[in-house]
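Every chain is numbered from 1 and lettered A, B, ... according to where its sequence line falls, protein lines coming before strand lines.
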Protein chains: 2
Amino acid sequence: MEKQATIIDIARTLNISTSTVSRALRNTFDVKAETREAVMALAEKLNYQPNRLAISLLKRQTHTIGVIIPNLDFVLSTMVKGIDEVALEAGYTVMVCQSNESFGRELVNTKRLLDSLVDGIIVSVSSETKVFEHIKKIKDRNIPLVVFDRVNKEIVAPHVQLDNVEGGVLATEHLLEQGYQKIAILAGPQNLDISNKRMEGYLNTLKKHGLRIKKDFIIHCDFNQDYAYEATKELLTMKNRPDAIFTISDRMAIGASLAIKEKGLRMPTDIGLVGFNNEPITKLVTPNISSVEQPAFEMGKITAKLFIEMMNSKKDMNNEEIILKPKLFIRESSLRFTKKV
Amino acid sequence: MEKQATIIDIARTLNISTSTVSRALRNTFDVKAETREAVMALAEKLNYQPNRLAISLLKRQTHTIGVIIPNLDFVLSTMVKGIDEVALEAGYTVMVCQSNESFGRELVNTKRLLDSLVDGIIVSVSSETKVFEHIKKIKDRNIPLVVFDRVNKEIVAPHVQLDNVEGGVLATEHLLEQGYQKIAILAGPQNLDISNKRMEGYLNTLKKHGLRIKKDFIIHCDFNQDYAYEATKELLTMKNRPDAIFTISDRMAIGASLAIKEKGLRMPTDIGLVGFNNEPITKLVTPNISSVEQPAFEMGKITAKLFIEMMNSKKDMNNEEIILKPKLFIRESSLRFTKKV
DNA sequence: TAAAATACCGGTAACGTTACCGGTATTTTC
DNA sequence: GAAAATACCGGTAACGTTACCGGTATTTTA
């Protein structure tokens, strides 16, 4: 079984033309039943597989979707799983590229995917990405594009994202409800939309309750456990230290948690903590960490569905915007009182 | 910029043949300097990109590597990152498929990758996989294959894997050194090679120290936190309960840890615990969990390198076997005495 | 200055498949 | 039983690129 059998091999052995074989293998249109069966039988016997390259070249589509993501953490790999699920169902193969949160790598990845002639691209931008020329190039080539999770207003394309503002609201309202008054926030990089939105929710909630916003309580740092640890240490040495911290990721919450424990403070008594993403780890550390969940798997599936709808309908969906709702999971790190009825 | 420019467009506007354009764009062989420059300039202007499909069809290679993995957990996604790194460097694009630990899905994935005409496949088998006909089909088609991490002797192909026996030895020796005598093991599914090997290391070490092996202390369960939790609860209700547990994954160690805490036992005083993989989480739970690390990123890189070497040299490497050494990280969960000098 | 070597270029086939058109043979219609 | 419809099939071009061969025009060699 050295070489893959082709349509020509079948045609030759059956003494018919390749056109007829081609038709027999697919449509059953304009082909006699017995010849069709003969073709089918031989194809089976030779283990014939149509050559996708030839078909792709001819039809100018590869049935491949490129996905660019900043990393493969819990949330994103769950989203990818969702995308995969739906894409596979619809007959597409998915090509995943990680940018490792690097802008340069993101450029290379987009170039590579365009070069691979993918039918479309789904992207979640890296935290370093501040300009979007490479994304525009995708649109210039008339290649369908959907952005998800880490979106940006400058990108003209359908968006699928979490209601990040609402996420910030949920966390902050909950902390206030638990009697915390001086709430700090560990936000992410300033150019990241998801970070700003979550902070917006935090700010809105404080304003709504007539609380003063302290600049010192707003820390921008990398999505990184170590940075969060350092930042929290700083926060806790302030003369008027915060009595609660909202971090926009669970990794950061873990870092904060370590700093808090090291300082000898206890959660939730002395200080409250709420993270974001509801990663499994939040349930495993002591104390458990409250966290805002995003429906990652769902988001992946919806993104892929929207994408496929766009591919099929060919209509302009640039203004489409799907927003999913977050959900707060309350755990030990912030639960001082059981909820009043 | 509607349609992608082709070599034919360039040829036509320059009034030369496509052959010449093709040569000009690559070799500079048999082509006058000025025509080459003219071609280059026009190509630049039209933003010409060679069509990979056409080239792949002609050359019968796609410069794509398919990777099949059971999931995207910490270890495997780190390995994929390593593969990606090396593959990209060598001009290959990587197509990752998850089997979700499902045999059926693994079949679909291999079929899909073969269908996509990848130049080769790198695979780590799912925990459900007990027969390897689908893998044989890859070999039948003469497509280079490397297995890594989750390998199996039945697969005829180069193997890259951890010295799992040594991992089991490291963990068990350490527990004995710490004075634990009755060591139980939470092993994985029985058909999984990595599980059996780690257990082999455990058994060897006990034998070496002249200790009796208790059947009751060997539990086979799924790679799952919940199963590990239940299994540990059972273990701890035995009249002669173990005083240490070695789990072959960190997920399982977490489950065990929960059961231990629930039972009111303390680590490392009452009971010792060692996990496997050295996932970040081991450092974050209380107590920290000792764990055997495998050099995942390195393993990914080595796998890809071996693979590319195989592709280039075309020689038979089926007997190649690369074995990487694990390393034990000792933490609170098993450290009763600081090491004697 | 004729012969040989070289520089440069074009034509054709090929990779595997499908779309389209046209052409026989067979069947249907009245 | 002739005309019209239908069933079935084959040939050709096309997708974009490169390998190979052969052919002029120019340069080198003696």
Touch class at under 4.0 angstrom, heavy-atom based, for B/Ser56 against every strand present: nothing
Parallel, tilted or perpendicular: rings of A/Phe103 and A/His134 (30°, 60°): perpendicular
A/Gln294 and A/Met79, any side-chain heavy atoms less than 4.5 Å apart: yes
Who pairs with D/dG22 - Watson-Crick or G-U, where each distance is under 3.5 Å: C/dC9
Closest non-hydrogen atom pair, A/Ile143 against A/Val118: CD1-O, 4.2 Å
Touch class at under 4.0 angstrom, heavy-atom based, for B/Asn15 against every strand present: sugar-phosphate
Spacing of NZ belonging to A/Lys130 relative to CG belonging to A/Leu192, to within rounding of 0.5 Å: 9.5 Å
Pair A/Glu101 + A/Arg150: basic N to acidic O under 4.0 Å: yes
Protein-to-nucleotide contact annotation, 5' to 3' order, nucleotides 16-27 of chain D [B base; S sugar-phosphate only; - none; under 4.0 Å, heavy atom]: BBBB--------
